[in-house]
Protein chains: 2
Amino acid sequence: MPPNTSPAVVLERAAAACTARGLAFTPIRQRVLQLLLEHGKGLKAYDLLALIKAEQPGATPPTVYRALDFLTEHHLAHKIERNATFVACTQENHVEPSLFLVCPKCSAITELQDRSVMQALCRALAAAGHQLDNPEVEIGATCPNCKGS
Amino acid sequence: MPPNTSPAVVLERAAAACTARGLAFTPIRQRVLQLLLEHGKGLKAYDLLALIKAEQPGATPPTVYRALDFLTEHHLAHKIERNATFVACTQENHVEPSLFLVCPKCSAITELQDRSVMQALCRALAAAGHQLDNPEVEIGATCPNCKGS
DNA sequence: GGCATGGATGTAATGTTATAACATCGCCCT
DNA sequence: AGGGCGATGTTATAACATTACATCCATGCC
């Protein structure tokens with residue numbers, strides 16, 4: 001996979017994945033994913049709502065929350081809990097758990113897959129009698145751009 | 001340290017730490033920490049507010065948020081971002097980063113220190129050009145009690 | 001003593017994030 | 001045609017958090 005997959009390609013993959021699984025990739029859902037992809041960094045639900053509203057004045061919170069629920073449920077987007085933002089998933093293959101590096105300064109999100117960290121983590125969890133719950137692990141980490149400042 | 005340090009001991013340690021650092025461990029702050037300790041698992045700010053209000057009817061959101069800000073700023077408590085709960089810190093020595101295991105079912109919080117996981121994590125972050133931001137890393141992990149169900 | 005200072009708290013209002021509940025639409029299937 | 005069902009529209013409200021400004025009170029200084 002190229003370092004930065006273009007929004008168009010990701011969208012197309014998402015459409016294909018939905019078709020394959022019998023899911024409805026409706027215009028709203030598609031548009032929300034597109035906005036997330038175009039924006040790049042995490043977007044808040046109400047920012048998204050404002051963008052949608054510009055095109056579709058009747059939009060309300062449920063409009064975007066429902067689309068986001070769909071996208072996150074089907075692993076086309078992720079919710080970053082720590083700052084209540086949403087980000088498009090750009091990993092083709094989402095069987096492996098990912099680390100999400102969230103920059104506290106600029107809110108940029110970097111999705112990172114690292115087998116050895118995950119193994120160490122799962123081992124430690126198992127030793128404590130726990131079990132990794134969801135494959136999205138958020139880490140607060142200053143990004144390269146903000147590290148200097 | 002014994003496996004479960006008693007609330008009284010932790011409170012006393014907190015009071016000592018504040019005195020040593022010239023901080024005001026006021027009744028409200030003390031009471032909030034005490035409630036967190038007694039409760040054991042994560043408490044939401046408004047649950048805490050309800051408890052405080054029972055004793056002090058004039059309490060409002062800022063009353064508890066200010067106490068929580070104080071406690072988290074001075075590492076006497078932690079905020080669990082993923083479900084907006086707060087938990088007392090029970091580790092005596094908070095120089096080392098900790099993992100916070102958050103059970104998605106029952107919201108129990110387990111604080112875990114594991115050097116090897118942290119080292120693996122920091123190595124992976126460094127390789128990606130990032131730097132660990134805060135020493136509190138949250139992991140969604142089903143707890144031993146909920147694992148069966 | 002008088003009084004300025006600054007941290008802590010009181011108080012009111014508001015901002016931000018998320019969901020509940022119910023109505024309606026449109027498609028597919030028979 | 002009509003039933004079923006998933007998606008969407010619509011209204012209201014719940015849940016979480018902050019801003020802004022007023023007040024209080026302990027301390028230190030004149």
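Just so it is clear: chains get the letters A, B, ... in the order the sequence lines come, proteins before strands, and each one is counted from 1.
- Within residues 27-39 of chain B, the residues approaching DNA chain C are B:Ile28, B:Arg29, by heavy-atom distance under 4.0 Å.
- For A:Leu23 and D:dT8, the CG to P distance is 12 Å, given to the nearest whole Å.
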Is there any protein nitrogen or oxygen under 3.5 Å from a nitrogen or oxygen in nucleotides 26-30 of chain C, and what are the pairs?
none

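- Checked against the 6.0 Å centroid threshold, A:Phe100 and A:His78 count as a close aromatic pair.
- Look at CZ on B:Phe86: it is 17 Å from P on D:dA15, rounded to the nearest Å.
- Counting to the nearest Å, the C1' atom of D:dA17 and the CZ atom of A:Arg82 are 17 Å from each other.
- Protein atom CZ of A:Phe70 is 7 Å distant from nucleotide atom P of D:dA7, rounded to whole Å.
- Atom C1' of nucleotide C:dT14 and atom OH of B:Tyr65 are separated by 14 Å, given to the nearest angstrom.
- A:Asp69 has its CG atom 10 Å from the C1' atom of C:dA18, to the nearest Å.
- One side chain, A:Ser98 or A:Gln113, offers a donor N or O that lies under 3.5 Å from an acceptor on the other.
- Nucleic acid contact for B:Ala59: none, since no nucleic acid atom lies under 4.0 Å from a heavy atom of the residue.
- Counting atom types as modelled, B:Arg66 pairs no side-chain N or O with a base atom of C:dG7 as donor and acceptor under 3.5 Å.
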